[in-house]
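Letters A, B, ... mirror the listed sequences (proteins, then strands); counts begin at 1.
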There are 2 protein chains.
Amino acid sequence: MVQLDDLDRAILRLLKEDARLTISEIAERLNRPESTIHFRIKKLLERGVIERYTIILGDSLRPKAVALIYIQAETPIIEDFLEKYISYIMKTLSILPNVLAVARSGKDSVVALVGEESEDKLNKFIDETIKVLPTLKRVEVIPLQDFVKGEDLVGFLVRV
Amino acid sequence: MVQLDDLDRAILRLLKEDARLTISEIAERLNRPESTIHFRIKKLLERGVIERYTIILGDSLRPKAVALIYIQAETPIIEDFLEKYISYIMKTLSILPNVLAVARSGKDSVVALVGEESEDKLNKFIDETIKVLPTLKRVEVIPLQDFVKGEDLVGFLVRV
């Protein structure tokens, strides 16, 4: 486990909130010399505690309707084929621009986060593009509304 | 819908990849004058296309075991109480540091993304902290492994 002290954590919290803060702004807020802040950020980057800097896109580019799709693959007669089914599903989903995230769940399932401009378009996308994939056994749609935590998730994941 | 041209999109893509790029680095990569890049980024910020700059935390701070929890609330005898149950569940979950994201799903359900250092700790957390909440009818755990898209999600959401 990585060792972080209170100053490291305070710097990370400020940068998470606004990564455009300059060294001198951070130094002022935390009441520490600029050289200290500079050194700490350098170390946090070198140690990979900060992986990278990025931007969060605003509402105008975010899909308005978002859902989790839980997909269970068919159990093939030849069991070795299950891995092939799963990789096929995961690969196909991850290429689609409406699919924001894809992860495996257990032996025979995949979860995807999908987004579209409207609920109608989202349902159409699920019906016409996801449910028709071969090798699927079960598809469950879990619509997501009103985030109370992690609300910027979609603005982070959306592609341009 | 916001109007973006190819240059705007190219800038956004570069900044998503690495928001520490300087104006002159972006100008060089896209073969445009610095003044143009400067102006475009200013406009993208003013229009809220770029909501904010942030950092993604590395592996050392990310939980090793992550799962989605689908929670259905009890249907109360007095139907008006459902909203109270849902807000209680969402509020309680969102305060917990292991809970990375919380969203409502439909009338009677809530979805949370939770993370812990190990699978054992995650299961313990779900059993001892989530499943014991009052007003729950059904709790389903969907473990997430091997992201093939959106893999930085957890590094984006994790708090320090």
Chain B contact via [X] - side chain, backbone, both or neither, heavy atoms under 4.5 Å:
X	result
L14(A)	neither
L153(A)	both
L113(A)	neither
V154(A)	neither

Subject >> R159(B), CZ: over 12 other non-hydrogen atoms inside 6.0 angstrom >> reply: no

**OP:** Please indicate whether D6(A) has more than 12 foreign heavy atoms, meaning atoms of other residues, nucleotides or ligands, lying under 6.0 Å from its CG.
**Re:** no

Under 4.5 Å from any heavy atom of chain A, what part of [X] do you find: side chain, backbone, both or neither?
X	value
I86(B)	neither
V148(B)	both
I56(B)	both
D152(B)	both
L44(B)	neither
L4(B)	side chain

Counting heavy-atom pairs closer than 4.5 Å to chain A, which one of [options] comes out on top?
options	result
A67(B), G150(B), A112(B)	G150(B)
G155(B), S109(B), G106(B)	G106(B)
L157(B), I55(B), V160(B)	I55(B)

**OP:** From the options I69(B), V66(B), N98(B), V114(B), select the one residue that forms a side-chain contact (heavy atoms from CB on, under 4.5 Å) with L122(B).
**Re:** V114(B)

Original post:
Between L21(A), I50(A), V110(A), which residue shows the highest count of heavy-atom pairs closer than 4.5 Å to chain B?
Top reply: I50(A)

Original post:
Do side-chain atoms of S94(B) reach the backbone of K91(B) as a donor and acceptor pair under 3.5 angstrom?
Top reply: yes

For the pair [X] and [Y], find out whether any cationic side-chain nitrogen is under 4.0 Å from an anionic carboxylate oxygen.
X	Y	answer
D18(A)	R52(B)	no
E79(A)	K107(A)	yes
R138(B)	D108(B)	no

Subject >> Separation of D8(B) CG from D5(B) CG (nearest 0.5 Å) >> reply: 4.5 Å

Original post:
Is there a side-chain contact between F81(A) and T135(A) (heavy atoms, below 4.5 Å)?
Top reply: no

